[in-house]
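The block underneath contains the structure these notes are about, expressed in structure tokens.
These figures come from a predicted structure and were not determined experimentally.
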Amino acid sequence: MRLMELRQFKLYASYPTGPRQTRSAETGDELLSTLDPIDAAVPGSIYDDLQRAGVIDDPYFGMNSLACEWVPERWWEYRTSFSCPMKEGRHLRLRLDGIDYLAYIRLNGREVAQSTNMHLPVKIPLDGLLRETNTLQVILENPPKEHGQIGYTSETKTQKPRFNYKWDWCVRMIGMGIDRPVAVEEFGASAIEYLRTETLFQEDGSCLLQADAELTGFEKAPQTAEFRLSFGGRTVAAERISFVAAPGESHVSACLRIEQPRLWWPAGHGEQPLYTLCVTVRGRDGEVSDTRDFTVGLRRLEFRQCDGASADSLPYVPVVNGKDIYIKGVNLTPFEMGRGMVTAERMEGVLTRAREANVNLLRIWGGGYFGTPEMYEICDRLGLLVWQEFIQSSAGLDNVPSKDPGFLRELADAAAEAVKSLRTHPSLAVFSGGNELTDAQKKLVTNYDKLTAAEARWSELNPIPAGQPAQLPQNPNAGETLPFTDVNANSWYYSGVKYAYENGLMNGTGTGTFSPNADTTRGMIVTILARLDGKNTSGTPWYQAGQRWAMEYEISDGTNMTGAITREQLVTMLFRYAVKNGLEAVTLSENLTQFTDASD
């Protein structure tokens with residue numbers, strides 16, 4: 001939860017690398033700014049701050065932008081002070097978004113973090129670091145040397161937006177500053193980071209909303225998570241789950257039933273009803289650990305091939321709620337040279353005029369920035385579908401995607417953050433690799449040149465493809481030892497683990513080890529049974545993937561998929577599975593000792 005936002009800073013300038021040495025080697029005096037410190041707004045832009053202070057003239061008037069090209073030749077420092085008392089049983093964290101671009105972050109004179117990718121938030125735990133009054137410094141290096149419109153795409157090194165290095169529709173005004181909020185956050189034992197949702201429409205007209213919240217734990221503690229879906233201020237569905245928070249990443253999930261769902265439609269095809277999904281995590285004493293509201297629209301999105309297209313063509317026709325949508329789209333380049341210069345009111349005005357012009361899709365161009373959260377919320381309200389490109393773009397001298405390892409790593413990280421942050425928006429329709437990317441012969445890379453950066457992180461964001469086993473730390477087919485821990489061959493409950501592990505029915509824990517003693521959830525069991533039954537369980541997180549199948553065949557009621565399963569529930573599911581497949585129910589019930597020793 002956001003405790004306080006830090007908005008007012010002082011801005012200092014220095015020659016490159018100066019701030020790395022805070023005092024003169026000759027005199028020991030503090031190295032001073034090359035201009036008098038000026039007020040700086042966050043979110044904002046260094047150019048805006050300099051213009052308000054009278055240091056530069058309006059860069060958009062006449063040829064004034066040429067007189068601003070010295071700005072990225074300096075290092076810049078944002079500095080502020082704040083007080084924030086610690087509370088017993090609570091955890092504080094500093095979060096900085098939109099640092100453009102390379103930066104060192106100091107707290108009370110100590111370097112506590114670096115930022116190398118403006119599309120990733122910097123999160124700094126503050127436990128044990130705070131004083132009565134604290135000084136925060138964000139020191140920006142020169143922007144990286146990147147290519148403008150006339151350049152080499154293949155030599156791109158970073159995720160810096162390239163348009164403001166000079167494009168045919170804008171001046172050269174290389175972005176610098178902090179263009180998203182800086183805030184101190186407060187939590188209990190865990191924080192809510194991201195949400196993933198999926199809508200499953202039922203034959204009776206109702207809708208199941210599967211919701212999976214990604215948490216960061218700060219300590220081990222019993223907690224409850226409440227998922228509450230509301231529309232127009234009225235609760236539509238709710239579910240509460242108990243779990244134990246632990247340090248690091250974890251997930252908690254719920255399945256909410258909406259009896260009379262109101263469907264979200266693109267502009268021109270219907271209304272845009274929006275639900276609010278409030279996720280709240282509490283400690284045992286009921287104190288809120290964290291709470292977040294997410295906007296949700298209920299809609300089914302598919303794509304099909306164009307009429308008369310060849311069999312190998314890509315599916316370009318969007319189908320929303322069973323209806324083909326004729327796309328009337330536009331390319332949306334950045335509103336401003338700096339993202340922090342744009343207000344929500346200005347975005348609302350531009351996008352409203354786009355809708356009034358009968359536009360129903362916006363392509364967010366890969367040569368600029370990802371939009372702000374406010375932009376996607378406006379698109380949700382207006383029914384404007386979003387085609388979101390990752391941050392890659394062509395250039396005049398070659399359009400070949402960069403294969404630089406550092407660039408691919410930054411691209412993968414930025415893509416993963418974008419997917420996890422944006423995926424709940426009903427307006428979001430397409431993720432695209434970038435703008436006008438080709439090989440050296442000018443052939444589009446879409447169909448044959450896999451973008452390894454996206455593949456590198458895709459498994460974190462999507463389930464294992466149907467029929468594909470999980471990626472194991474070691475390959476059982478190579479005769480290597482599986483990385484089991486604490487395996488006791490005499491215990492009955494270990495006997496099926498190796499089979500399930502090798503045959504793609506169960507995947508590893510992501511840490512390189514697999515412990516059969518760990519808690520097993522209902523979702524894991526129904527997914528294993530669904531895979532054993534030969535069903536396609538793709539399309540949801542793997543631990544929820546069998547839910548639809550289990551409800552269809554009455555193996556499970558589909559609730560509390562992340563809750564730990566008891567032996568009684570397990571043998572009941574196995575019993576129902578056996579009956580479904582034609583096994584003799586009496587024989588199975590009389591011989592449960594074949595499956596379990598029936599203890600506990």
Ignoring hydrogens and geometry, is there a side-chain-to-backbone donor-acceptor pair from [X] to [Y] under 3.5 Å?
| X | Y | answer |
| --- | --- | --- |
| Asp290 | Ile192 | yes |
| Asp127 | Leu92 | yes |
| Glu389 | Gly366 | yes |
| Ser289 | Gly188 | yes |
| Tyr101 | Gln159 | yes |
| Asn117 | Glu410 | yes |
| Glu249 | Leu215 | no |
| Tyr47 | Ile174 | yes |
| Arg299 | Pro426 | yes |
| Arg423 | Leu195 | yes |

Donor-acceptor pair between [X] and [Y] side chains, under 3.5 angstrom:
| X | Y | value |
| --- | --- | --- |
| Glu77 | Ser14 | no |
| Tyr104 | Glu141 | yes |
| Thr158 | Glu146 | yes |
| Asp380 | Ser427 | yes |

Do [X] and [Y] have side-chain heavy atoms sitting under 4.5 Å apart?
| X | Y | result |
| --- | --- | --- |
| Leu6 | Leu136 | yes |
| Ile105 | Ile139 | no |
| Lys157 | Pro144 | no |
| Asp97 | Val122 | no |
| Arg79 | Tyr12 | yes |
| Val281 | Val288 | no |
| Leu130 | Met86 | yes |
| Gln223 | Ser190 | yes |

*Kindly indicate, with the supporting measurements, whether the criterion side chain to side chain contact (heavy atoms under 4.5 Å, CB included) is fulfilled by Val296 and Leu274.*
CA-CA 6 Å; Val296 175; Leu274 296 172; over 6 Å; no

For a quick test of reading the model, state the closest non-hydrogen atom pair linking [X] to [Y] and the distance between them.
| X | Y | result |
| --- | --- | --- |
| Trp264 | Cys379 | CZ2-O, 4.3 Å |
| Ile99 | Met118 | O-CB, 3.0 Å |
| Gly340 | Asp179 | N-CB, 3.3 Å |
| Gly286 | Arg282 | O-NH1, 3.0 Å |
| Ser33 | Ala13 | OG-N, 2.9 Å |
| Leu428 | Leu301 | O-CD2, 4.1 Å |

*Angle class for the His425/Tyr376 ring planes (parallel below 30°, perpendicular above 60°, tilted otherwise)?*
tilted

*Give me the ring orientation class for Trp76 and Trp70: parallel if the planes are under 30° apart, tilted from 30 to 60°, perpendicular past 60°.*
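The arrangement is tilted - the two ring planes meet at 30° to 60°.
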
Give the table of side-chain donor-acceptor pairs shorter than 3.5 Å for residues 224-234, with sequence neighbours excluded, one pair per line with atom names and distance.
from: Glu226; atom 1: OE2; to: Arg228; atom 2: NH2; distance (Å): 2.8
from: Glu226; atom 1: OE2; to: Arg240; atom 2: NH2; distance (Å): 3.2
from: Arg228; atom 1: NH1; to: Thr235; atom 2: OG1; distance (Å): 3.3

Could you grab the distance from atom [atom1] of [X] to atom [atom2] of [Y], nearest 0.5 Å is fine?
| X | Y | atom1 | atom2 | result |
| --- | --- | --- | --- | --- |
| Ile241 | Phe243 | CD1 | CZ | 9.0 Å |
| Phe370 | Arg339 | CZ | CZ | 9.0 Å |
| Lys10 | Ile38 | NZ | CD1 | 9.0 Å |
| Glu132 | Cys84 | CD | SG | 12.5 Å |
| Leu102 | Asn142 | CG | CG | 9.0 Å |
| His119 | Arg180 | NE2 | CZ | 13.0 Å |

Taking only Lys NZ, Arg NE, NH1 and NH2, and the carboxylate oxygens of Asp or Glu, determine whether [X] and [Y] approach each other closer than 4.0 Å.
| X | Y | value |
| --- | --- | --- |
| Glu374 | Arg346 | no |
| Arg262 | Glu271 | yes |
| Glu417 | Lys420 | no |

*Applying side chain to side chain contact (heavy atoms under 4.5 Å, CB included), run through Tyr15 and Trp75 and close with a yes or a no.*
CA-CA 6 Å; Tyr15 293 110; Trp75 282 31; over 6 Å; no

*asked:* Show, in sequence, the C-alpha distance, side-chain angles and deciding distance for Phe218 and His91, and conclude whether the ring pair (Phe, Tyr, Trp, His ring centres under 6.0 Å) test is met.
replied: CA-CA 8 Å; Phe218 303 102; His91 302 272; 5.2 Å; yes

Can you confirm whether more than 12 heavy atoms, excluding those of [X], are under 6.0 Å from its [atom1] atom?
| X | atom1 | answer |
| --- | --- | --- |
| Arg7 | CZ | no |
| Asp36 | CG | no |
| Arg284 | CZ | no |

*Between Ile364 and Val386, does a side chain to side chain contact (heavy atoms under 4.5 Å, CB included) hold up when you go through it step by step?*
CA-CA 7 Å; Ile364 313 301; Val386 172; 3.8 Å; yes

_Can you tell me which residue among Arg2, Arg93, Arg95, Arg90 is in a salt bridge (charged side-chain N to carboxylate O under 4.0 Å, His left out) with Glu186?_
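With Glu186 as partner, salt bridge (charged side-chain N to carboxylate O under 4.0 Å, His left out) holds for just one option, Arg90.
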
*Could I get the full list of salt bridge (Lys or Arg N to Asp or Glu O under 4.0 Å) partners for Arg353, not counting sequence neighbours?*
none

*Evaluate side chain to side chain contact (heavy atoms under 4.5 Å, CB included) for Arg106 paired with Val112, printing each intermediate quantity in order.*
CA-CA 6 Å; Arg106 292 177 182 163; Val112 291; over 6 Å; no

*Check the pair Tyr60 / Glu336 against side chain to side chain donor-acceptor pair (under 3.5 Å), numbers first and verdict last.*
CA-CA 11 Å; Tyr60 296 126; Glu336 267 287 1; 2.5 Å; yes

*Applying the side-chain contact (heavy atoms from CB on, under 4.5 Å) test to Trp365, which of Ser393, Pro161, Ser432 qualifies?*
Ser393

